[in-house]
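The structure displayed is predicted, hence computed values, not measured ones. Residue numbers begin at 1 in each chain, while the letters A, B, ... track the order of the sequences.
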Number of protein chains: 2
Amino acid sequence: MLDERKRRVLQALTDDYIQTAEPVGSRNLARKYNLGVSPATIRNEMADLEDEGYLHQPHTSAGRIPSDKGYRYYVDELMAPWNPGPPERSAVYREVRAVGRAMEEMIHEAAKLLARATRYASVVAAPRLEASILRHIDLVPLDDTRIVVVLVADPGFVRHRIAEVRRPVTEEDCQRMAAGLNRRLVGMRCGDIGRDRLAEIREEVGRGELYDTVAELLASELSDPSSEKVYLEGTLNILEQPEFRDVERARSLLAVLETKDALSQVLSAAGRSEEPTVIIGQENPLEGLRECSVVSSAYRIGNEVIGVIGVLGPTRMEYAKAVGMVRYVAEHLSEALVALVRRR
Amino acid sequence: MLDERKRRVLQALTDDYIQTAEPVGSRNLARKYNLGVSPATIRNEMADLEDEGYLHQPHTSAGRIPSDKGYRYYVDELMAPWNPGPPERSAVYREVRAVGRAMEEMIHEAAKLLARATRYASVVAAPRLEASILRHIDLVPLDDTRIVVVLVADPGFVRHRIAEVRRPVTEEDCQRMAAGLNRRLVGMRCGDIGRDRLAEIREEVGRGELYDTVAELLASELSDPSSEKVYLEGTLNILEQPEFRDVERARSLLAVLETKDALSQVLSAAGRSEEPTVIIGQENPLEGLRECSVVSSAYRIGNEVIGVIGVLGPTRMEYAKAVGMVRYVAEHLSEALVALVRRR
DNA sequence: GGTTAGCACTCTTCGGGAGGGAGTGCTAAG
DNA sequence: CTTAGCACTCCCTCCCGAAGAGTGCTAACC
């Protein structure tokens with residue numbers, strides 16, 4: 001659709017704009033990238049590219065800026081692939097693949113790393129407990145009316161909540177009930193352990209206030225569909241971007257990002273492809289993110305996609321680096337996670 | 001030291017400046033606060049207050065602004081006490097005193113609430129595990145070479161880490177070892193469970209790789225003095241303050257706050273008084289925080305101070321509200337925490 | 001016919017006054 | 001001691017002009 005020279009112009013212009021954040025003029029383009037033609041010719045090409053919607057001008061007599069359509073074309077066809085170098089690689093090995101971490105912590109570390117490496121904000125959706133297999137329940141009395149309920153589920157979920165009862169219970173009560181719950185529930189999919197299921201085994205496992213309290217807590221923790229955890233890291237990086245030199249813009253963006261709900265929407269819009277997905281500006285479903293782009297990738301345990309990790313920055317984003325880094329982190333996160341369950 | 005009229009002028013001026021963030025002139029002061037004297041008189045008083053260092057002028061022919069010394073006097077002697085109204089009270093009851101939370105989560109919620117209520121950033125130092133009493137250790141096999149180590153300590157600490165061994169272990173191995181560890185360690189102060197102590201009981205409890213791995217993990221988790229957790233919330237609020245309308249300032253402040261180390265310093269400088277402490281501007285030990293004030297208070301379990309919670313904002317801070325709110329939250333947090341251990 | 005040099009034109013940005021406004025400090029009178 | 005009056009200072013805003021960057025068009029060139 002675009003001839004070779006237009007492609008080269010669009011590529012050079014986008015590269016330049018991504019670097020400088022300033023509208024790019026024909027003279028500059030001719031000087032810095034040897035396109036083999038004069039500024040006048042480039043001007044003609046730029047005018048064509050603008051007519052076709054790949055570029056736009058902030059005002060007459062300014063240089064051009066890629067439009068969302070321009071970025072889209074750049075991302076799909078033009079950009080030079082970027083691969084992590086030694087510093088990025090070693091950071092991933094050091095921080096994501098470090099041992100001794102439960103799954104959620106590992107995922108959280110991956111998000112922090114991604115933010116640091118790209119200098120954008122990073123977002124990550126942690127897997128839902130629902131879909132995982134319950135491995136162990138533990139009841140630890142804190143005092144005679146409070147019990148720590150510890151849940152361990154399959155690929156490395158560990159959660160704890162505190163249950164409170166009116167009538168004192170003993171350590172033996174807790175042990176007996178934990179044994180009963182484990183006998184009947186371990187191996188089940190967490191999402192299937194709803195109130196119904198818990199009511200069914202009430203007779204056998206325990207009855208009494210302790211059972212009811214613990215059961216209620218389990219039901220709400222295990223099968224609450226709104227329990228998706230979303231992390232946001234590196235918000236401070238947003239302030240470094242020249243498009244957010246204005247505090248008001250930065251603030252309104254950050255305000256949007258602070259609502260976990262918005263983040264979930266962003267990540268679900270990104271889909272669950274295992275190859276990095278790029279959402280550019282207006283393609284974004286959320287009003288407040290129309291000047292941002294999101295690069296995200298699913299991560300897996302084995303063949304099963306369990307979450308999404310990505311970066312969020314201005315539309316003028318280093319897409320090549322973002323895509324390369326997201327891919328690398330997602331891959332290694334997946335490998336680290338599968339290692340958590342590999343010997344089963 | 002200051003006569004009554006000077007006190008009233010300083011008070012009115014500070015109140016006004018805190019509200020408007022604009023230098024306050026004599027005419028304005030005379031109009032808005034009925035001080036019973038003319039602007040000219042107020043001017044004389046203001047000149048005196050400036051000579052004595054309570055005020056300063058950004059430039060000739062601008063109004064006055066309180067200096068750090070002025071704020072200090074205002075905080076110590078002048079400001080009208082502020083007490084939380086129904087909305088603040090109910091928020092505290094709803095969010096801090098809600099049940100089902102482990103201690104650290106409760107503290108974290110208190111910080112979030114404080115940030116929301118004051119519209120400043122909030123900081124909180126969570127108690128050190130070291131000083132608390134170990135209550136329970138649980139070893140849950142995740143697969144045959146990975147074990148979730150769950151620690152429960154006295155006032156509601158729950159932590160988990162994952163230990164990895166080379167030679168497969170069975171569920172029975174774990175149970176046996178957990179029982180042994182509990183028998184020998186429960187009731188001890190966590191900080192006293194160092195490598196020495198763990199080596200002593202090695203013979204009795206378990207030997208072998210499993211013991212060594214778990215022991216190493218316990219030692220690092222229980223007695224690591226650098227493990228103080230510090231939370232920072234409401235950073236976004238900083239951007240609302242007119243003194244941070246300039247992105248660069250906001251960014252450099254937030255960059256300082258993102259280093260947990262700096263936060264620890266701030267909170268330790270605040271001391272551990274149970275009555276709210278105010279640190280104003282230059283009084284702050286940290287270079288980057290010389291234009292900020294911190295209002296903080298210790299919180300307790302029973303009579304023992306276990307941490308510090310506070311808010312951080314520009315020196316032009318609503319001190320009365322900050323102090324009132326910090327006091328209220330710290331008190332209720334202390335009560336909620338003591339409730340965690342009351343039946344022992 | 002595509003390419004390029006030349007040029008007039010447009011639009012933003014930046015610096016330098018001018019004018020207005022807020023506030024002060026001083027003086028002298030009450 | 002207090003206050004009215006007043007000259008003075010300094011900032012802020014607006015406006016203007018110059019500079020600079022970049023364009024689009026035209027006409028010549030290959």
Between [atom2] of [N] and [atom1] of [X], the distance in whole Å:
{"X": "A/K32", "N": "D/dG22", "atom1": "NZ", "atom2": "P", "answer": "10 Å"}
{"X": "B/I42", "N": "D/dA4", "atom1": "CD1", "atom2": "C1'", "answer": "14 Å"}
{"X": "A/E22", "N": "D/dA21", "atom1": "CD", "atom2": "C1'", "answer": "11 Å"}
{"X": "A/D48", "N": "C/dG2", "atom1": "CG", "atom2": "P", "answer": "11 Å"}
{"X": "A/I65", "N": "C/dT12", "atom1": "CD1", "atom2": "C1'", "answer": "13 Å"}

Which parts of nucleotides 23-30 of chain C does protein reach within less than 4.0 Å, heavy atoms only, written one letter per nucleotide 5' to 3' as B for base, S for sugar-phosphate only and - for none?
BBB-----

If we ignore hydrogens and angles and just use 3.5 Å, is the side chain of B/E331 paired with the main-chain N or O of B/Y328 as donor and acceptor?
no

Look only at the side chain of A/Y71 and the backbone of A/M317, and say whether a donor-acceptor pair between them is shorter than 3.5 Å.
no

Identify, residue by residue, the members of residues 5-17 of chain B with a heavy atom below 4.0 Å from DNA chain C, and return them in order of residue number, or none.
none

Would you say that more than 12 heavy atoms from the other residues, nucleotides or ligands in this model lie under 6.0 Å from the CD of A/E52, or not?
yes

Could you verify whether a donor N or O on one side chain and an acceptor N or O on the other, from A/D15 and A/Y33, lie under 3.5 Å apart?
no

Verify whether one side chain among A/S293 and A/Y319 offers a donor that lies under 3.5 Å from an acceptor in the other.
yes

Please determine whether side-chain contact (heavy atoms from CB on, under 4.5 Å) holds for the pair A/R7 and A/L78, giving the CA-CA distance in whole Å, both sets of side-chain angles, and the decisive distance to 0.1 Å.
CA-CA 7 Å; A/R7 290 163 56 95; A/L78 301 177; 3.9 Å; yes

Are B/Y17 and B/P66 packed together at the side-chain level, in the sense that at least one heavy-atom pair is separated by less than 4.5 angstrom?
yes

List for me each residue that meets salt bridge (charged side-chain N to carboxylate O under 4.0 Å, His left out) alongside B/D48, sequence neighbours excluded, and say none if there are none.
B/K6

